[in-house]
**Student:** 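This is the structure, below, for whatever I ask next.
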2 protein chains.
Amino acid sequence: MGERVFDVEPYAITTTRLDDAAMRVIESMTSIGNGHMGMRGNFEEGYGGDTHPGTYIAGVWFPDKTRVGWWKNGYPEYFGKVINAVGIIAVGITVDGERVDLHDGDHQNASIRLDLRNGLLTRSFDYRVGTSVVRLHFERFLSLVTPELCLQRIRVTAREGTPKVTLTPRLDGNVHNLDSNYGESFWEEVVRIPAGDPQLSMRTVPNPFGTPQYTVTASMRTAAVGLEHAGIIDRRLEVGERYTGTLAVGATAELVKTSAVVTTRDVDETAHRDTVTSLLEAAAASTFDEHLAAHTAVWEQRWARAEVRIEGDDEAQQGIQFNLFQLFSTYYGEDSRLNIGPKGFTGEKYGGATYWDTEAYLVPLYLAVSEPAVSRALLTYRHDQLPEAQHNARQQGLAGALFPMVTFNGVECHNEWEITFEEIHRNGAIAFAIRTYTEYTGDRTYLEGPGIEVLVEISRFWADRVHFAQARGQYMLHGVTGPNEYENNVNNNWYTNYLAAWVLRYTAQTLGELTVERASALGVASAEQQRWQTIAERMYLPTDAELGINVQHDTFLDKDLRSVETIPVTERPINQNWSWDRILRSCFIKQADVLQGMYLFEDDFTPDDLRRNFDFYEPMTVHESSLSASIHSIVASSIGRPDKAMELYRRTARLDLDNYNNDTEDGLHITSMSGAWLSIVQGFAGMRVRDGALSFRPFCPEDWDGFSFTIGFRGRVLGVRVTATTLTLTLRSGDPLDVEVAGRLHRVHGEVEIALEGVC
Amino acid sequence: MGERVFDVEPYAITTTRLDDAAMRVIESMTSIGNGHMGMRGNFEEGYGGDTHPGTYIAGVWFPDKTRVGWWKNGYPEYFGKVINAVGIIAVGITVDGERVDLHDGDHQNASIRLDLRNGLLTRSFDYRVGTSVVRLHFERFLSLVTPELCLQRIRVTAREGTPKVTLTPRLDGNVHNLDSNYGESFWEEVVRIPAGDPQLSMRTVPNPFGTPQYTVTASMRTAAVGLEHAGIIDRRLEVGERYTGTLAVGATAELVKTSAVVTTRDVDETAHRDTVTSLLEAAAASTFDEHLAAHTAVWEQRWARAEVRIEGDDEAQQGIQFNLFQLFSTYYGEDSRLNIGPKGFTGEKYGGATYWDTEAYLVPLYLAVSEPAVSRALLTYRHDQLPEAQHNARQQGLAGALFPMVTFNGVECHNEWEITFEEIHRNGAIAFAIRTYTEYTGDRTYLEGPGIEVLVEISRFWADRVHFAQARGQYMLHGVTGPNEYENNVNNNWYTNYLAAWVLRYTAQTLGELTVERASALGVASAEQQRWQTIAERMYLPTDAELGINVQHDTFLDKDLRSVETIPVTERPINQNWSWDRILRSCFIKQADVLQGMYLFEDDFTPDDLRRNFDFYEPMTVHESSLSASIHSIVASSIGRPDKAMELYRRTARLDLDNYNNDTEDGLHITSMSGAWLSIVQGFAGMRVRDGALSFRPFCPEDWDGFSFTIGFRGRVLGVRVTATTLTLTLRSGDPLDVEVAGRLHRVHGEVEIALEGVC
């Protein structure tokens with residue numbers, strides 16, 4: 001566990017530590033977003049110490065020149081980056097002519113607080129300049145009602161003296177990415193209008209890769225009480241206003257700043273001025289508090305479908321609440337051109353918007369806690385990028401489609417060959433999510449419509465990517481990287497081979513279930529289908545009969561096999577202490593690999609199979625991926641290891657709150673934020689969907705008095721509460737439902753209480 | 001075969017094609033060097049078309065910021081580069097006010113010629129401006145007598161009209177590297193003196209890596225006939241003079257420019273001015289022709305020790321002559337701080353000065369064709385860098401020493417983990433070269449002095465790098481890259497494992513042969529030696545009993561095994577047509593791997609072993625490394641495949657002359673230039689050293705009337721001539737010598753003629 005900066009409380013995060021050492025972590029943790037845009041918890045007035053400024057607009061990216069050692073055929077041409085966009089929160093503040101800056105200034109009683117129910121970020125402190133002391137209070141949120149809007153309210157109260165106060169609300173386009181590969185700026189100014197509602201349009205600079213340029217236009221309107229308009233700011237890439245006033249002791253001045261942001265993703269550039277003006281005009285009809293109330297109401301609707309409560313453990317409650325809040329701030333399915341980036345709106349690291357994390361870890365959550373349309377938008381995103389996935393396959397000289405490891409537009413843009421070329425299991429996860437959606441919702445229209453097109457092209461890829469090993473008479477996949485990225489370029493990764501064979505079978509099976517017209521429109525000859533079946537049947541799967549396990553890859557058992565406990569504590573995490581080479585050669589596993597496959601295909605294995613594999617692999621697993629602990633926690637729950645399940649739950653639930661991996665300063669681990677939820681719902685509650693029916697095998701962790709959550713399932717909303725002795729199912733809406741609990745069917749209408757003793 | 005730009009003639013290269021399409025190839029091919037410095041065949045007057053300017057000074061390098069996708073622990077911090085240094089050949093020329101430029105101007109009868117006996121580069125052409133036509137004739141060479149000197153002579157003859165001619169000899173420091181990773185300049189000006197002998201001092205800019213800065217000072221002196229001094233050039237990073245004259249028809253003007261270059265590698269910066277002045281002063285005592293004659297005499301001494309003649313095949317003769325000329329131009333052992341870079345003084349690509357090529361391919365040649373001191377200097381170079389090699393091992397968390405894949409100063413600077421971390425067989429080649437030197441010369445002082453220190457540290461590395469695979473009860477080397485870089489990160493590369501085991505045995509054996517005092521000074525406990533023996537004995541070596549071959553690595557036989565002939569011609573070379581991923585997964589081999597090991601340890605195997613392995617691996621080998629063809633040619637010779645041997649000889653001998661790999665524009669393949677020599681001497685002549693004695697198993701290729709070469713061996717100089725019927729050995733100097741020919745001993749004093757019929 002890293003350092004804990006924020007207090008433990010169930011529905012908010014608060015800290016009074018506002019210093020350099022913690023600043024980047026605080027900025028990450030207090031990020032807010034509304035799907036359309038988002039930003040780190042940077043200070044309105046700026047900060048003279050170590051800071052990582054970041055405001056990001058969904059879908060606005062730049063193809064940075066990539067960086068590799070030696071270029072080789074097939075390497076991606078660019079690295080798509082989340083880019084730092086116009087700073088809309090900027091409000092410079094001076095007191096008696098001195099710039100307010102928490103880094104250098106004389107301040108007291110500072111605190112920052114993010115409400116995890118509605119995303120209201122508040123901050124306040126007392127600040128002394130000479131004989132004057134003012135109290136500053138900041139509020140801001142990004143509207144869920146009108147996602148183009150950012151609302152801020154700043155109050156300045158004179159505590160001592162009669163301070164002269166100046167506030168300069170601005171739009172600041174002088175931004176750059178800390179991770180720009182060549183130190184280049186990604187923006188150029190298009191229009192700057194300082195008068196009236198200040199407005200700034202900026203466009204991404206031209207790029208040689210043929211990807212779109214984006215124009216972003218921001219405008220702001222300010223309402224001040226107790227301050228006078230005293231001028232404008234009009235500099236390159238920066239516009240704004242100046243307000244000033246002298247406050248009597250006890251007097252409070254207030255500034256409300258409303259910013260509107262549109263982009264050429266949604267609005268033609270010629271209409272930007274009119275659009276932002278209309279948005280500001282409409283916004284002016286409500287007060288800050290009215291806006292906040294409407295915004296909060298939308299959040300409350302979300303929580304009604306998604307709430308998780310943990311009884312008797314505020315740390316755990318804060319963890320799950322923080323994760324769900326940040327996930328929903330990043331993505332709620334409004335725009336199927338978007339996906340869920342690894343840092344969401346909380347940082348720029350890693351680049352790209354889309355990883356296989358979405359399908360593997362997030363689709364199951366969104367399926368349960370939001371309308372099916374939200375998950376379907378994620379699937380549609382991939383279908384829309386099928387031509388680019390075909391391009392990726394062609395780049396490698398292969399048939400079909402290879403969905404990218406990292407992308408914005410569907411074209412691969414990561415820059416390590418051992419990942420882009422080899423970590424191809426992602427293609428399987430993308431296919432598997434189609435099944436997950438279909439099984440959960442019962443809606444076959446996606447599968448039989450766009451879905452089967454994706455499956456066919458993925459199957460074509462696998463069928464070309466395998467080779468027939470004459471000596472063994474089996475099909476193999478050489479040169480792959482499994483989910484465990486602490487090895488790469490291995491042969492016959494069990495997970496990848498198993499998943500590939502499954503995709504081939506599932507595609508062939510689905511084709512057989514289509515209407516003749518639909519099937520023939522897809523143009524898959526029977527010989528091709530037959531070949532897929534043959535490959536699936538004769539796929540080589542490394543196993544060890546003596547150990548009774550699936551083997552991670554061909555030569556894994558030749559390694560120096562040892563438990564994580566043999567690593568000195570001072571050398572962990574190994575990715576910060578060992579050379580890459582040593583990590584690769586070691587047996588230590590970054591995240592679930594064989595177990596990831598057995599988790600996905602649980603029903604293909606006996607509990608004993610699962611137990612043997614868990615007992616073999618988990619002790620070698622360092623869980624240094626944010627995606628590791630949750631899958632292991634679920635498996636531990638299912639094989640009756642509640643303590644292990646709880647240990648791993650804690651790690652996933654408070655990953656950023658407790659800065660476990662010591663990298664929260666770069667941004668939050670957005671895509672792994674479903675881990676805590678999965679550990680609770682699939683793990684502790686043992687929820688599964690089998691043959692269209694919900695089932696549970698629940699237990700209540702010893703540390704908790706109970707836990708409850710809400711899910712949607714095929715038109716119903718169902719409350720689930722687990723205590724040490726009972727499972728309570730409450731049908732909140734929809735038709736009665738048959739639910740299986742530990743092998744017995746229960747019909748749920750109204751509230752059903754099921755005793756767990758002797759059951760689980 | 002690529003395009004052949006130069007005419008076939010035995011001891012020179014000449015071309016009349018001076019156009020953009022061929023220019024970079026011509027510049028590479030006409031490079032000259034003298035060990036101290038060298039340059040591409042750039043034009044004195046500049047060239048307005050596509051050109052790759054390059055002047056390089058031995059040992060002057062810069063640690064460019066490296067470029068990798070994602071930084072990981074243990075990655076090298078910088079990439080050491082050969083840097084383009086002050087342009088000393090610059091002489092701008094105008095005729096009637098118009099700049100002479102072969103790219104744009106009206107010219108005829110142009111040709112460029114490099115004499116492969118003495119490195120004199122000449123070029124001439126007729127150039128028309130309006131009604132004036134001049135003939136220009138350029139000569140230049142880099143002195144072997146005084147290696148700081150570059151001498152140039154330019155003659156201008158008026159053919160038509162009375163042209164006004166201006167020549168501006170300059171020192172031009174406005175240079176940069178085409179391959180600078182971030183477009184940065186590596187130089188800053190220190191001193192610029194335009195008056196008297198113009199002088200320019202420039203220093204490499206500061207770097208954050210703690211590697212030395214270098215100051216290079218050049219000065220020039222000009223002697224003109226028929227031209228008047230008309231001014232000076234004095235610009236940032238550039239100094240020079242202007243000469244002008246009007247020529248009557250038939251008149252010739254002449255300019256001789258002598259440049260002296262010193263660096264802080266050899267001379268303290270404060271003494272630079274005096275040193276270059278003294279050098280120019282001393283040089284002025286001789287004419288250009290006298291300098292050339294003295295220089296040529298040194299070359300003739302070299303040829304007397306190294307000459308190779310091929311009777312009846314000018315193409316082959318030109319090939320071997322070109323290769324030896326360029327090798328000697330790059331390195332002749334004067335400075336043990338230097339090594340032999342992959343491009344020598346002919347280009348900047350690849351970076352670094354030192355690769356394992358030196359030990360694997362070049363030491364055997366220099367041992368035979370130059371004094372032992374030359375080879376010993378190459379070994380000493382590595383011993384001097386032992387602390388840095390220890391540093392490299394520590395970077396990977398390993399004991400002992402890991403010599404770098406690419407370096408100037410001993411610290412690894414390449415930027416692909418699969419090479420730096422994994423291509424560790426280089427450590428074995430460096431050890432093996434100590435044995436090669438000792439066996440060839442009979443001089444054990446290197447082995448028992450510095451050599452054993454190197455061997456001990458390399459052994460410590462291997463002993464730490466192996467792991468014990470419990471399941472098999474053997475030691476293994478996982479995560480390595482063999483000489484075949486078309487695979488990487490494999491397990492138990494046969495070549496690497498075999499070589500590592502040999503190093504451990506050889507080190508232990510050598511320790512046993514030392515005096516007690518010397519041995520104990522090395523501090524190797526007997527338990528450590530015992531462990532080395534155990535590892536060597538229990539080293540896992542993948543073999544296949546059914547095929548009767550050594551297996552390239554653990555899962556090689558699971559590949560889709562097929563012959564190179566199944567690759568469509570349009571897809572070759574595969575490294576320019578296939579994605580990197582496809583290459584890695586394929587069975588196709590870049591260069592000798594198993595066969596490289598069997599070549600080094602020939603006596604450990606039966607001829608049938610060698611034949612079976614050759615027949616298995618060679619058909620899968622694409623020979624896309626410049627280092628591949630020669631080793632295969634030697635093995636083909638030794639197993640009685642003369643046609644194959646000749647085919648591969650041609651490929652190695654004329655690699656650059658015929659631009660086989662289509663990359664000669666980047667510079668010459670300096671380190672593979674011993675390949676033709678090895679193919680002749682070890683291949684066709686079957687020369688070996690066994691137990692201190694020379695032996696031959698010669699044959700004469702059918703296309704040739706005969707071939708001869710000269711070698712030194714333990715104080716003798718021996719001429720060897722092979723025809724279809726006879727082997728003639730001529731003792732040129734030294735004591736009589738017993739030589740084995742196909743199993744029979746012959747005492748050589750004077751000339752011995754041995755009939756080959758029935759012998760070979």
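Just so we're on the same page: letters track the sequence lines, and every chain starts at 1.
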**Student:** Should we say atom CD of B/Glu77 is surrounded by more than 12 heavy atoms from elsewhere, each under 6.0 Å from it?
**Tutor:** no

**Student:** For the CD1 atom of A/Ile583 and the CZ atom of B/Phe421, what is their distance to the nearest 0.5 Å?
**Tutor:** 9.0 Å

**Student:** Using non-hydrogen atoms and a limit below 4.5 Å, what part of residues 538-550 of chain B faces chain A?
**Tutor:** none

**Student:** Distance only, no hydrogens: is a donor on one side chain within 3.5 Å (strictly under) of an acceptor on the other, for B/Asn491 and A/Thr555?
**Tutor:** yes

**Student:** Testing the basics here: between B/Gly74 and A/Ser579, what is the closest heavy-atom pair and its distance to 0.1 Å?
**Tutor:** CA-CB, 4.4 Å

**Student:** If you apply the rule side chain to side chain contact (heavy atoms under 4.5 Å, CB included), what do you find for B/Trp417 with A/Glu416, and how did you get there?
**Tutor:** CA-CA 11 Å; B/Trp417 64 265; A/Glu416 293 178 299; 5.7 Å; no

**Student:** Which pairs count as salt bridge (charged side-chain N to carboxylate O under 4.0 Å, His left out) when at least one residue sits in residues 573-584 of chain A, sequence neighbours excluded?
**Tutor:** A/Asp581-A/Arg585, A/Asp581-B/Arg465

**Student:** Which atom pairs, donor and acceptor, lie under 3.5 Å between side-chain atoms of residues 469-477 of chain B and protein residues at least two apart or in another chain?
**Tutor:**
residue	atom	partner	partner atom	Å
B/Gln470	NE2	A/Asp560	OD1	3.4

**Student:** How are the rings of A/Phe79 and B/Trp70 set to each other: parallel, tilted or perpendicular (split at 30° and 60°)?
**Tutor:** perpendicular

**Student:** Hey, which residues of residues 569-578 of chain A are touching chain B, say heavy atoms under 4.5 Å apart?
**Tutor:** A/Ile574, A/Asn575, A/Gln576, A/Asn577, A/Trp578

**Student:** What residue among B/Glu422, B/Glu418, B/His478 forms side-chain contact (heavy atoms from CB on, under 4.5 Å) with A/Leu584?
**Tutor:** B/Glu422

**Student:** Output yes when a side-chain donor or acceptor of A/Asn415 lies under 3.5 Å from a complementary backbone atom of B/Val68, and no otherwise.
**Tutor:** no

**Student:** Among A/Asn181, A/Asp558, A/Leu561, which residue forms the greatest number of heavy-atom pairs with chain B at distances under 4.5 Å?
**Tutor:** A/Asp558

**Student:** If I measure from the heavy atoms of chain A, does B/Ile419 come under 4.5 Å with its side chain, its backbone, both, or neither?
**Tutor:** neither

